[in-house]
Every structure is written in C-alpha cells, then in structure tokens.
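We name chains A, B, ... by the order of the sequence lines, and we start the count at 1 in each one.
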Amino acid sequence: MDAVVRFRAAVCLLGRFPALAGVDLDVAAGEIVLLQGPNGAGKTTLLRACAGLVPVTEGQAGVLGVDLVADRRPVRPLVGLLGHSTGLYDDLTVVENVRFWSRAGRSQRADADAALARLGLDGRLASVPVARLSAGQRRRTALAVLVARRPRLWLLDEPHAALDQDGRDLVDGLMVDAVAAGATVLFASHELDRAEAVAHRSVTVAGGTVNGLLAGAGQEVPVA
Amino acid sequence: MPDLAADSMLRGSMLRDAAMVVGKDLRLEWRSRVTLSQILPFALLVLILFAFALDPDRRILEEATPGLFWLAVLFSMLLAIQRAYAVETADGVIDALRLSDLDPAGIFLGKAAGIGLHLLVLEVVLFVGVTVLYGATPHGGLLVVATMLLATTGLAAAGSLYGVLAAGLRVRDTLLPILMLPVVAPVLIAGTEAFSAAYANASGDGWKWCGLLAAFSVLYLAIGIFAFEPLLEES
Amino acid sequence: MTSPSAGTGAGIMRLHPDGTASRGSRILGIVVLVSVVVFLYVALVASAPDKSLDAQGQLVRIMYLHVPSAIACYTAFFVTAVASGMYLWKKTVGWDALASSSAEIGVLFVALTLLTGSIWGHTTWGTWWEWDPRLTSTALMFVLYLGYLALRRAIIDPVSRAKQSAILGIIAFVNVPIVHYSVDWWRSLHQTATVASLDPKIDGLRLFALMFGMVVALLLYVWLMMHRFRLAFAEAALEAKGLDLALAERRAEARADGGSVPPSVTTGGAS
Amino acid sequence: MGVVLAEASAWTYVTATYAVTIGLLGGYTAWLIQKGRKVGRQLPPEDRKWSS
C-alpha cells in the first residue's frame with residue numbers, strides 16, 4: 001500500500017499568512033508519526049490540511065489516495081481530527097453528542113456505545129451536558145466521537161493536553177489499538193517523553209516547513 | 001458542486017440528514033430553552049413597544065395589526081437565525097460538520113426546518129398577543145394560516161441561507177440584518193397585505209399574496225440547496 | 001515600453017506613469033467628456049421645457065438625470081451578477097475584481113437615482129420622499145448592495161471573500177425582480193397618480209436628451225469600470241505580491257528555527 | 001402647490017440636481033484616479049499590463 005500521506009512542497013494559506021510554506025512528508029500505512037516543533041510552526045495547519053479542511057494552494061498533497069489540490073472534500077469521511085476545539089454541542093449531553101456525530105459519520109449506534117464505554121463515559125457522565133464537563137472530560141468525549149467514526153487516518157493535535165495520567169495512557173492505548181486495526185496515526189505533541197515512546201518516527205515542523213520524507217523515498221523533483 | 005446536491009437528493013440522504021439536523025436542533029432547544037426563555041419574551045416585548053409608539057386609544061394599533069404582527073415576526077426571525085447559527089459556529093462544530101458525511105443540502109433543509117418551527121411557535125404566540133393586546137378580531141382563518149405557513153417557509157429558507165453566509169464572520173450580528181431585511185421585505189409586504197385582506201373579511205384578494213409567498217419560498221429553497229455547500233465550505 | 005518615470009505618450013495622451021489610465025481609457029475619457037458637455041447643452045439649454053407641466057416645465061430636465069442613472073445602476077448590478085457567476089465557474093481573480101468594481105459603481109448610481117428622484121418628488125409632491133414603487137424598490141436595492149459591499153469588507157481571506165460575495169452577487173440580483181414586483185403590487189393598490197407624473201409625455205428634443213442621457217450614463221459607467229477594475233486588479237496583485245514576500249519570510253523563519261527547508265522546496269519549489 | 005411654484009424656483013431645483021450629480025460623480029472619479037495612482041505606484045510596471 002503506498003503512502004497514506006504524501007506531501008511535496010505543499011503550501012497552505014490562512015487568509016494571507018502562509019501557515020505552511022513548503023511541506024515534504026510521507027506517512028506509510030500503520031505508522032504512528034509524531035510532529036514536533038515550536039508554537040506557530042504550522043503543526044495544527046498541517047493536521048487540518050490532511051483532513052481536507054485547508055486548501056493546499058501550491059505543490060502536491062495526497063491523503064488516502066485523494067488529491068487534496070484537486071478536490072479535498074472526499075478525504076473528510078475517511079479521517080478523524082481531534083483539534084484544540086472539541087466540535088461538540090455544549091447544550092447536548094455526552095451521549096447525545098457522540099450518537100449524533102457518529103450517525104452523521106455514517107457509523108452504527110453500536111460503534112458509538114462501544115466508544116463511550118472505551119473512553120469511560122458510559123456511566124454517570126453520559127447524561128451530563130458537555131457545557132458542564134471539565135476540559136479533560138470534554139477531550140475524552142471528542143475522542144469518543146473520533147473512535148466511533150473508525151477513521152483510517154487519525155489526526156490528533158496535542159491529544160495529551162488537558163488529560164490526567166490515566167487519560168494519557170488511554171490515548172496511547174487508543175493509538176496502538178487503531179494501528180493494530182489497520183489505521184494510521186499522525187499526531188502533534190509537546191509531551192516528548194511520552195510521545196516518543198509510542199511514536200514509530202518523529203518529524204520536525206519549523207516555520208511552516210517539514211522535511212519528513214521516508215528514508216527510502218526517491219528524490220523525485222516534483223513537476224513544477 | 002451542484003452535482004453533489006443532485007445525486008444526494010436521489011439517494012434520499014438529503015432528507016434523512018435534514019431530519020437528523022432538525023432533530024438535533026429541537027433537542028438543543030429543549031435543553032437550552034433559548035427560544036422559549038429569550039426570543040419569545042422579546043417578541044411580546046416588541047408588541048408592547050409598538051403600543052407605546054402608536055398611542056393605543058386611537059385605533060391605530062388595531063388598523064396596523066397586520067403590519068405590526070409581521071414586523072415583530074421579522075425581528076424575532078433575526079434572533080432565531082442568530083441563535084441557530086451561533087450553535088453551529090461555537091467550539092469548532094463547523095469543522096465537525098464539514099468532516100461529517102452529512103449532505104450540505106440536508107444541513108440547509110434541517111436548519112431551515114428548525115428555524116421554521118421556532119418561527120411558527122413565535123407566530124402563534126404573537127398572533128394571540130396581537131389579538132389580545134390590540135383587540136384585532138381575526139377573520140378569514142384559512143387565509144391567515146396559509147399566509148403564516150408560506151411566509152414562515154420563505155423566511156426560514158432565506159434565513160438558513162443568509163445565516164450560514166454570515167456565520168463565520170466576526171461581524172455577523174450586525175451584518176445579518178442588513179443582508180436579510182431587504183431580501184425578506186417582500187415577505188413583510190405580502191404577509192401584511194394578505195392579513196389585511198383577511199382581517200377586512202375580503203379573503204378573496206389576499207390569495208395572490210400567498211402566491212407571491214409561495215414563489216419566494218420555492219426560489220429560496222432551490223437557491224439554498226445548491227448554494228449552501230460552497231457557503232458552508234467558506235464560512 | 002517607455003521609461004515609467006516620464007509618463008507615456010505625448011500631449012493629450014500623456015498618461016500618469018503609476019495610475020490606472022491607458023490609451024483606451026484616455027480616449028474613452030475624452031469621448032465621455034465631450035458627450036457630457038453636449039448632453040448638458042441639450043438637456044439644459046437646447047430642449048424646451050415641457051409645456052404640459054405649465055410652470056414646472058423646467059423640472060422635466062431632472063428626469064434626464066434620474067432615468068439614465070437608474071438604467072446605469074441596473075446595468076451595473078447585472079454585470080455584478082454575471083461576473084459573480086463567471087467567478088464561480090472560472091475562479092479567476094479578474095471576474096471577482098469585475099464583480100466588486102461593478103457593485104461599487106452600481107451603488108454610486110443607485111444613490112444618484114435616489115437623490116434625483118427625491119428632488120423630483122419634492123417638486124411635484126411637496127415631500128422629499130414618496131412611496132412610489134420605483135423609488136421604493138430602488139431604495140431597497142441600495143441597502144441590499146450596501147450589504148454586499150459590507151460583506152466584502154467583513155471577509156479577510158481573498159479566496160473565501162470572492163466565493164461568498166459571488167454567491168451573494170447572484171442572489172441579490174435574483175432578488176431585484178421579486179422586490180420590484182411585490183413593491184409594484186403593493187403600491188398599485190393605493191395610488192396610481194405618482195406613476196403617471198414620473199413619465200411626463202416626452203418627445204422631440206426632450207426625448208433625444210433622455211436617450212442621449214442614457215448613452216452618456218452607460219459610457220460613463222464603462223469608463224469608471226475601466227479604472228475601478230484596474231484598481232481592484234492592482235490591489236489583488238499587491239496582495240499576491242505580499243504573499244510571495246510572506247512565503248520568503250516564513251521560510252527564513254524555518255531556517256532560524258533550526259529546521260531544514262525541504263529539498264523539493266528549494267529545488268523544484270513553489271513557482 | 002404646482003402652479004404657485006415660480007419659474008425661478010423650478011430652475012433652482014434643476015441646477016441643484018445637476019450640481020449634486022456632477023459633484024458626486026466628480027468626487028468619486030477624483031478619489032478613484034488618485035487611489036489608482038497610490039496603488040499603482042506600489043506595483044512594478046510589468047504587473048500593470050494595461051499601461052504597457
């Protein structure tokens with residue numbers, strides 16, 4: 001199976017700011033790749049670009065066989081994105097949120113309930129409106145939504161943030177289980193000791209540029 | 001871009017997604033009660049303010065009842081649309097909508113149905129309010145109901161479309177009124193004239209205004225189904 | 001290409017080096033100027049007052065401005081709608097610049113239509129405003145396109161601004177007939193007098209003044225568009241130029257952060 | 001009211017209308033040309049293909 005993610009000199013603009021100024025990145029199937037880099041380096045934009053939410057204006061960008069430059073929408077149902085914002089309705093309860101978003105992602109109800117159980121949200125918390133949850137519990141709910149979608153590519157933006165110790169163990173476990181089930185994980189993190197333990201490979205993002213080609217990848221000059 | 005909407009219509013996923021979205025909106029309202037506890041009182045307040053402005057004992061209120069009713073509906077509509085899309089733009093929900101497999105036309109119809117249902121509740125309350133406060137005795141019930149339903153469909157469709165157009169903007173609260181009100185002015189005119197005909201017990205010439213409202217609704221439903229996708233993409 | 005500093009061309013064709021003028025716009029500018037002078041002469045001096053309006057005969061001259069500016073504003077908003085449609089299809093900066101320029105000039109002509117209509121209203125009905133169907137729908141169109149311009153100012157990202165205002169450009173124009181139709185219906189119930197007095201019996205030199213006025217208004221619209229379009233196009237080019245600069249700075253920032261700029265960026269690299 | 005309006009005041013309305021129209025159009029044109037030069041100055045000549 002060729003690379004799940006294949007970027008060559010990709011440029012992404014946020015308004016007029018070139019958040020990504022030239023990305024070379026390969027992620028093979030079944031890999032867990034860590035994105036490292038200072039704040040504002042472009043980690044979040046890169047994850048959102050992989051999810052097809054940000055237009056790639058120059059260079060080449062392909063995720064799961066979808067050419068993002070041509071039409072980036074078809075990749076969206078295939079990926080799961082966990083960002084800084086939760087993407088949940090504050091006034092709805094945990095279970096209502098997870099069920100709505102999993103149904104919206106064409107998953108079955110069983111997947112939603114299994115995800116709730118897996119994230120430990122099927123007890124007292126289930127019927128609590130998201131607005132009243134702590135940051136960590138909201139993050140777990142967002143994770144449950146992602147797990148319920150069973151995406152082929154996990155895109156996690158600082159998944160360990162706001163989680164307590166066993167929450168972080170849970171995230172690491174989820175990543176390993178996902179890869180075992182045939183998915184691929186690309187995540188950004190600042191907790192390097194924990195992140196590097198679970199990641200197969202680490203790539204540095206600096207000033208909107210990434211040099212993350214696989215060792216064996218040929219040095220083809222992209223068609224200008 | 002339009003082919004996406006067309007083929008999803010065939011697969012019937014549009015209506016199923018619309019049902020899912022409106023169900024979610026109603027549940028959201030049930031949990032937060034924003035319409036019931038905030039927009040409804042505002043609508044009644046508008047009726048009372050009209051009375052202060054128009055000197056209740058000089059029969060002006062009773063004669064102007066049709067117009068005042070629809071003005072109150074228009075202002076409440078603005079709040080209902082702001083609320084409907086504030087929910088979708090909070091906390092990254094709009095990204096989740098894009099990432100989900102929901103058909104954009106379905107989201108459009110779902111949001112429109114949600115706004116429409118909220119408006120109907122407001123209109124019923126306002127109708128009672130107008131009858132009681134302004135002492136306007138309604139006649140021509142059929143025309144009144146038909147006008148309400150058609151006007152609400154038109155307002156909901158235009159509201160759902162302009163709501164997402166303004167959704168992503170910082171200045172949406174001030175931009176939405178000037179974008180929407182000139183567009184829904186024909187609904188205000190048609191609604192008022194139809195109601196005047198009904199109240200004057202001359203329902204006959206009120207029906208052509210319903211025709212105008214129906215045309216307006218069909219037009220905006222059609223525009224919305226095709227224009228919603230790029231607008232959701234850009235907001 | 002002559003040296004930019006000395007200005008191009010000679011004599012009357014001497015163009016300012018930095019401006020949005022060109023041979024074409026200068027020639028059209030001269031034509032417009034001449035036709036305006038001719039129009040003023042015909043409208044104000046040559047054509048006789050309209051006897052049917054007795055003492056108000058002179059007032060028919062206001063119509064020579066009111067009707068042409070109305071024609072020009074509908075043309076402008078039609079161009080905006082077409083350019084918006086073309087932008088959604090072709091997605092090039094040019095169509096977006098055309099749509100926004102035409103909308104802005106359209107709003108200018110709508111303002112003129114309302115002003116001249118209001119003055120005409122004061123002379124015949126004694127009030128600065130009359131709920132005449134055409135004036136009313138013109139006023140609604142004025143606010144609608146002010147909303148279009150407000151939407152353009154509210155969006156920062158040039159691509160999403162172009163797309164969203166293109167959609168609004170089309171919807172707004174689709175609304176014009178609806179507003180027109182419902183307002184006509186609305187006012188035709190109540191009185192028809194105002195409609196008649198807006199179209200006083202016009203013939204002879206007066207008819208020529210009116211028709212010529214329309215031609216001058218459209219020529220003026222095209223001339224203004226040539227300049228406004230180039231201004232919008234230049235601003236878009238400036239934005240794009242700013243991007244290349246920002247891209248270079250961003251990559252310099254990458255080197256400063258200790259990251260290495262990827263090979264394919266430096267060799268093949270972004271164009 | 002129409003009849004009472006003297007011939008003279010009819011002319012004042014007409015001249016007022018023409019003055020307002022020419023003033024508004026003239027003002028907009030002046031602003032447009034001036035801004036065109038301000039923006040044009042920041043662009044290298046090859047980007048202004050209309051003037052070559």
Side-chain angles (χ1 to χ4, degrees), chain A residues 5-26 35-43 45-46 48 53-62 69-72 202-215 217-224, chain C residues 87-97 100 150-167 232-271:
Chain A
V5 172
R6 188 180 184 286
F7 277 49
R8 287 292 182 282
V11 171
C12 288
L13 303 177
L14 293 187
R16 281 189 278 282
F17 173 68
L20 295 181
V23 173
D24 276 7
L25 179 63
D26 281 330
L35 293 176
Q36 292 182 42
N39 287 332
K43 300 195 294 294
T45 309
L46 179 54
R48 284 171 56 84
L53 292 175
V54 175
V56 179
T57 46
E58 282 166 32
Q60 295 165 14
V69 180
D71 181 7
R72 59 184 192 273
S202 160
V203 170
T204 305
V205 183
T209 60
V210 175
N211 191 347
L213 297 187
L214 280 178
Q219 189 45 57
E220 328 88 350
V221 176
V223 173
Chain C
Y87 175 80
L88 289 177
W89 180 25
K90 296 283 189 197
K91 295 211 175 14
T92 54
V93 178
W95 288 114
D96 176 53
S100 66
L151 179 74
R152 287 195 75 91
R153 258 193 310 278
I155 303 172
I156 304 153
D157 175 45
V159 174
S160 99
R161 175 183 61 206
K163 197 181 226 185
Q164 286 182 289
S165 42
I167 289 169
F233 203 79
E235 279 165 344
L238 216 58
E239 264 176 29
K241 197 146 291 305
L243 282 189
D244 299 343
L245 211 63
L247 211 52
E249 278 161 19
R250 185 65 162 154
R251 288 184 181 140
E253 182 193 323
R255 272 182 285 279
D257 277 0
S260 61
V261 177
S264 69
V265 169
T266 41
T267 49
S271 60

Item to check | Under 3.5 Å: donor-acceptor pair, side chain of C:R250, backbone of A:P18 | outcome: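 It does hold such a pair.
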Checklist entry - Between A:A19, A:A21, A:P55, A:A10, which shows the greatest number of heavy-atom pairs under 4.5 Å with chain C? => result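 When all of A:A19, A:A21, A:P55, A:A10 are compared, A:A21 has the most.
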Checklist entry - Is it the backbone or the side chain of A:L13 that comes under 4.5 Å from a heavy atom of chain C, or both, or neither? => result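 Looking at A:L13, just its side chain touches chain C.
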